[in-house]
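Taking it in order: structure first as structure tokens, then the write-up.
Throughout, protein chains are lettered first and strands after them, A, B, ... in sequence-line order, and every chain is numbered starting at 1. Note that these values count all heavy atoms, side chains included, but never hydrogens, waters or copies made by symmetry.
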Number of protein chains: 2
Amino acid sequence: MSKKPLNIAIAGIGTVGTGVVEIIQTQGELLSQRAGRPINIVAVSSRNQNKSRSVDLGGFTWYNNPVDIASDPSVDVVVELIGGADGVAYELCEKALKNGKHFVTANKALIARHGASLAKLAEENNVTIAFEAAVAGGIPIIKALKEGLSSNNISRISGILNGTCNFMLTAMAETGRDFDTILKEAQELGYAESDPSFDIDGVDAAHKLAILTSIAFGTKVDFESIYIEGIRNISLTDIKFARELGYKIKLLGICSNENGIFEQRVCPCLIPEEYPVARVDGVNNALFIQGEPIGKLVMEGPGAGKGATASAVIADIMDIARGCFSYAFNIPSSLLKKQDFVDITQHEGEYYLRILAEDKAGVLAGVTDILKDENISVSSVLQKSTAKGENAHIIVITHETFEQSIIKAVEKIEKIASVIKRPNVIRIESL
Amino acid sequence: MSKKPLNIAIAGIGTVGTGVVEIIQTQGELLSQRAGRPINIVAVSSRNQNKSRSVDLGGFTWYNNPVDIASDPSVDVVVELIGGADGVAYELCEKALKNGKHFVTANKALIARHGASLAKLAEENNVTIAFEAAVAGGIPIIKALKEGLSSNNISRISGILNGTCNFMLTAMAETGRDFDTILKEAQELGYAESDPSFDIDGVDAAHKLAILTSIAFGTKVDFESIYIEGIRNISLTDIKFARELGYKIKLLGICSNENGIFEQRVCPCLIPEEYPVARVDGVNNALFIQGEPIGKLVMEGPGAGKGATASAVIADIMDIARGCFSYAFNIPSSLLKKQDFVDITQHEGEYYLRILAEDKAGVLAGVTDILKDENISVSSVLQKSTAKGENAHIIVITHETFEQSIIKAVEKIEKIASVIKRPNVIRIESL
């Protein structure tokens with residue numbers, strides 16, 4: 001094994017970048033023992049050179065323009081912690097790979113949008129593109145899928161992939177406070193951005209899911225085809241009724257291959273509370289992997305944060321130091337299939353419907369007639385007056401049916417005179 | 001990347017060996033895509049060549065003596081699935097490494113007993129010794145520790161490492177049937193051997209723990225110093241009282257480094273039922289890892305069985321095919337420290353005591369006086385008459401105290417005239 005140091009450059013010295021520098025500076029000997037060679041930081045770039053930081057960057061070459069790092073002949077590995085699917089991050093990645101430098105990133109948007117072409121570029125230049133930190137923070141899920149489970153045919157991954165949403169749903173359930181209050185709290189705690197839409201509308205989870213799907217199934221990363229539904233429509237009322245019926249609500253990213261029918265979607269789901277996925281609370285991320293021959297594997301851990309993300313970034317750097325090479329998406333990029341994913345309207349499953357109506361005779365009969373007409377078999381029904389007593393919630397849990405039937409039924413239910421607004425529909429997952 | 005096939009030989013074609021052959025035969029193309037080169041079986045050895053098997057071994061060179069595989073010049077990797085710490089498995093391993101062949105094994109006893117010297121031998125001969133399948137079956141825990149968490153200082157691992165024990169404890173709790181009945185059931189289901197002592201006395205879990213400790217802390221594998229206590233003394237009565245007090249009982253393997261105080265032990269533990277480790281039921285294995293900077297990581301999955309174990313064996317083979325090299329125990333064998341582990345009598349923690357005594361006045365006062373004398377602070381007490389009503393169980397949950405104080409207290413309590421037998425002591429774990 002080579003004893004030559006591995007020289008890295010870091011573009012973006014924010015929270016995670018600072019974490020990476022700290023670990024390399026304080027754990028250098030341990031890293032070098034484990035990798036068989038020293039890991040050296042040689043260059044850095046960030047927006048503001050004069051910002052006061054908890055780490056000393058004095059010994060490293062400073063670049064005002066991060067893209068210039070890609071031309072530094074002393075650099076073996078470029079670590080990109082800038083973010084964004086395009087712009088500087090993309091430019092840096094492309095140039096680094098073309099210049100024969102390995103590329104390590106925590107940038108899920110970049111990989112979800114351009115992963116397939118960047119993987120090809122890396123292969124053409126005989127370098128690695130690695131992005132363990134892009135999915136589920138500190139949980140080594142990409143390594144587990146590509147290497148630990150390398151003999152497995154994966155049939156399904158369900159993941160709690162966004163800590164912000166999981167924190168909010170957990171907090172709503174535990175405190176009984178509503179969505180807006182909890183969102184404000186999450187923002188104050190630093191768990192949600194001031195513009196929270198990236199997290200709560202499911203985009204962040206979908207970026208991660210796109211990457212997982214590609215690795216699991218050998219398909220080209222296809223973020224655009226993911227059905228995405230965030231948690232804005234999940235009210236405290238839904239959470240309470242779900243609990244009463246024995247379910248928790250979680251935002252899940254799910255990809256599956258059932259006998260050649262491929263699906264990938266991000267949406268809030270009702271999950272029976274005794275299932276392992278229902279028990280993952282707070283900001284944690286978790287992954288539920290089903291494959292052959294392994295059966296089921298669960299991984300749970302911190303999905304974000306300085307230490308966890310830095311841990312994943314350094315794991316990629318250490319692999320490069322040890323000369324460990326694996327294909328970005330598990331197989332050569334030329335073999336990645338362009339896969340059709342089934343439309344959400346083709347989804348089959350159980351459903352939760354919540355119908356708000358005036359509290360008078362006949363509504364429930366109207367609802368059940370419509371469900372019968374659409375061939376939707378009902379598993380259970382719960383009717384409860386609202387606090388003020390004028391209206392009532394009707395909760396219906398269906399047996400397995402088609403999303404298309406649900407869509408039709410909802411349209412009809414909405415037209416019942418005493419129904420106050422469009423019913424809330426949440427899919428039920430049995431994992 | 002080399003396109004030359006990787007030639008493997010398998011010694012031991014039992015359940016797991018058959019699984020490995022099956023996967024390589026049916027998933028050859030996928031494996032070759034992922035590894036970047038074909039994986040070929042070239043030779044096999046097993047006890048009986050004429051035994052009818054579900055796989056066709058006709059195309060491979062057959063060796064009656066497995067050790068001869070190590071001299072076959074066509075073999076790159078020897079896969080040892082024979083078992084046993086010494087004898088043929090050891091001989092094969094030593095010879096394979098000396099002959100410059102990589103060595104993959106599921107043999108925990110071999111690695112727990114001879115890991116340090118074999119790792120040294122592998123390094124001297126520039127080959128890999130890999131044993132993912134030896135710990136927690138299909139869960140890629142060794143890869144996660146060595147590679148996924150390569151930048152982490154691990155402070156603690158707690159594991160449910162033996163599926164037989166976890167099945168039995170779960171089944172006792174769920175069915176209310178006693179130890180002997182459930183053991184018989186486990187034997188009928190194939191979860192326990194006809195001589196179950198290896199599993200239920202904690203030796204199997206200790207083999208796995210010894211390997212984890214070494215990888216986590218950079219210490220020489222030291223099976224001999226592990227404190228081992230199996231589950232024979234766990235009665236249905238304990239399980240019921242534990243539940244009443246909000247705990248579950250699990251057999252745990254625990255290694256920890258608290259500010260330089262190293263501990264490794266296998267013993268049944270009471271765990272608060274809301275903790276993640278308490279929720280892992282049935283034959284599954286699970287690992288709870290605490291490290292810096294990652295925080296906490298949980299992995300759960302099948303700890304044994306044909307498919308899961310074969311999955312781990314092939315993962316090691318695939319790493320070798322891709323040229324991925326890592327030190328057997330995370331750092332060069334010359335750097336592995338001979339570590340002193342603290343004696344169990346130095347353990348600090350909370351304890352559960354169950355005292356069976358004649359149901360008459362003064363016993364409880366006697367017990368609490370003794371605890372007071374030993375400076376043991378009591379968290380809660382529960383006294384219940386036995387079914388027949390002549391005797392009573394006194395359950396004491398202590399606050400944090402020293403094992404030595406508990407030992408002394410138990411000796412004194414046993415001598416109280418109306419105490420019928422030696423109190424049952426179980427450690428409480430807060431993970």
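The contact between B/I23 and chain A is made entirely by side chain atoms (from C-beta outward), counting heavy-atom distances below 4.5 Å. A/L149 touches chain B through backbone and side chain together, each having a heavy atom under 4.5 Å away. In this structure, chain B has a heavy atom under 4.5 Å from the side chain of A/L335, while its backbone stays farther away. For A/I331, the parts lying near chain B are the backbone and the side chain together; criterion is any non-hydrogen pair under 4.5 Å.
The greatest number of non-hydrogen atom pairs below 4.5 Å with chain A, out of B/L31, B/I139, B/N152, is found for B/N152. Counting heavy-atom pairs closer than 4.5 Å to chain B, the top residue among A/I289, A/I314, A/I294 is A/I294. The most heavy-atom pairs under 4.5 Å with chain A, out of B/I142, B/I39, B/N153, B/L30, come from B/N153. Listed options A/P140, A/A286, A/P293 were ranked by heavy-atom pairs under 4.5 angstrom with chain B; first place goes to A/P293. Contact count versus chain A (heavy atoms, under 4.5 Å) is highest, among B/G138, B/S326, B/S311, for B/S311. Here B/G307 is the residue among B/G295, B/G307, B/P332 with the most heavy-atom pairs under 4.5 Å with chain A. Comparing A/I24, A/T309, A/I317, A/V298 by heavy-atom pairs within less than 4.5 Å of chain B, the highest count is held by A/V298.
No more than 12 heavy atoms of other residues, nucleotides or ligands lie within 6.0 Å of NZ in A/K120, so this atom counts as exposed by the packing criterion. Counting non-hydrogen atoms of other residues, nucleotides and ligands closer than 6.0 Å to CD of B/E274 gives a total above 12.
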Quiz prompt | Audit row: B/M318, A/E147, side chain to side chain contact (heavy atoms under 4.5 Å, CB included) steps and yes/no | solution = CA-CA 8 Å; B/M318 296 283 278; A/E147 303 174 17; over 6 Å; no
Exercise. Step by step, work out the side chain to side chain contact (heavy atoms under 4.5 Å, CB included) result for B/Q27 and A/S151.
Key: CA-CA 8 Å; B/Q27 304 295 324; A/S151 73; over 6 Å; no
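Annotation for B/L297 and A/G301: closest pair CD1-CA, 4.2 Å, computed over non-hydrogen atoms. Heavy atoms only, all atoms of each residue included: A/Q33 and B/Y327 are closest at O-CE1, 3.3 Å. Looking at every heavy atom in both residues, B/K143 comes nearest to A/G148 through CD-N, 3.7 Å.
In this structure, the side chain of A/R34 engages the main chain of B/S150 through a donor-acceptor pair within 3.5 Å.
With a 4.5 Å cut-off on side-chain heavy atoms, A/C324 and B/D319 do not count as touching.
A distance of 10.5 Å separates CD of A/E300 from NZ of B/K296, quoted to the nearest 0.5 Å.
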